[in-house]
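Single-structure report; data block below.
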Amino acid sequence: MKIASWNVNSLKVRLPQVKAWLAEQAPDVLALQETKVPDDQFPVRALQEAGYTACYTGQRTYNGVAVLARSAPADVATELPGFADAQRRVIACTVAGVRLINVYVPNGQAVGSEKYDYKLRWLEALHRWIADELAAHERVVVTGDFNIAPQPADVHDPEAWAGSVLFSERERAALQGLLAGLGLTDTFRLFEQPEALFSWWDYRVNSFKRNRGLRIDLILASPALARACTAASVDLEPRRWERPSDHAPAVAAFEL
DNA sequence: ATGGTAGTCTAACTA
């Protein structure tokens, strides 16, 4: 089972790229973030023609998440329990016996800002939700744009980024709470990886060309699935395409 | 020093 996660920064703009990437990589599941599309405008038919059934929760201009799957997603949930939020940032569903939780973690803007506080509170609610899902399901995968780089090796210049949003102590501690705390595994780090392989590069100042990136797009696995993981990577190719998303897809394969 | 680009939508926000 091949599972991928991609922040597309507008599904409307990136639909041709999503279709091309699906045809090329043939994942069983593609989790999307920042679709920026209301539900009544979601491209259901185009994706069905590509061989995928979608579940989605979106809004105009901002946020929006979706899961595309070869077999129809079941038991869909679109709310973070105990955290009333108009922003469409989570979707969970079950595909082929795997419980998928797809998240678009708040960016946080700047350490100490209101949005940073919202990010930390949001992550606490996510922690509680994942704990419940892990208690109910053996096979759990959490995909998404976490807007947090886990380790120094996931940041092009960790000293310059220390203390900044996306790499500050409290955010990293919240992410560690999901990893060490809940027993999830960052599948990317199960395998030997090239140095400086990232998943997001700011559109500005030629960041991609200079590889000034961060690895913030993650695929986390419960113990049973971590044992079944056979490969994990980031596919840089779509970031090289014309008019790209600022993120590249993260990919993980499982032998089930 | 507080930029630079992209998306949504024409003013300003979010990232």
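Chain A is the first sequence line, chain B the second, and so forth, proteins listed ahead of strands; every chain is numbered from 1.
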Looking only at atom C1', what distance separates B:dG3 and B:dA15, rounded to whole Å? 15 Å
Using the P atom as the reference point in each nucleotide, state the distance between B:dT2 and B:dA6 in Å, no decimals. 22 Å
Would A:Arg215 count as a cation-pi partner of A:Phe198, with NZ or CZ less than 6.0 Å from the six-membered ring centre and within 45° of the ring normal? no
Next on the checklist: Less than 6.0 angstrom separating the ring centers of A:Trp161 and A:Phe167, yes or no?
Outcome noted: no
Item to complete: State, with a plain yes or no, whether a side-chain heavy atom of A:Pro27 is found less than 4.5 Å away from one of A:Val251.
Response: no
Interatomic distance, CG@A:Leu134 vs CG@A:Leu178, rounded to 0.5 Å, equals 9.5 Å
Q. Mind checking the P distance from B:dT10 to B:dT14? Whole angstroms is fine.
A. 15 Å
Heavy-atom contacts, protein to nucleotides 6-15 of chain B, under 4.0 Å, summarised as B (base), S (sugar-phosphate only) or - (none) per nt, yield SSSS---BSB
Taking the side chain as every heavy atom from C-beta outward, state whether A:Gln17 and A:Trp241 have any atom pair closer than 4.5 Å. yes
**Asked** Between B:dC13 and B:dC9, how far is it from one P atom to the other, in whole Å?
**Response** 16 Å
For the residue pair A:Thr78 and A:Tyr56, confirm or rule out a side-chain donor-acceptor distance under 3.5 Å.
-> no
Rounded to whole Å, CZ of A:Arg210 lies from P of B:dG4 at a distance of 15 Å
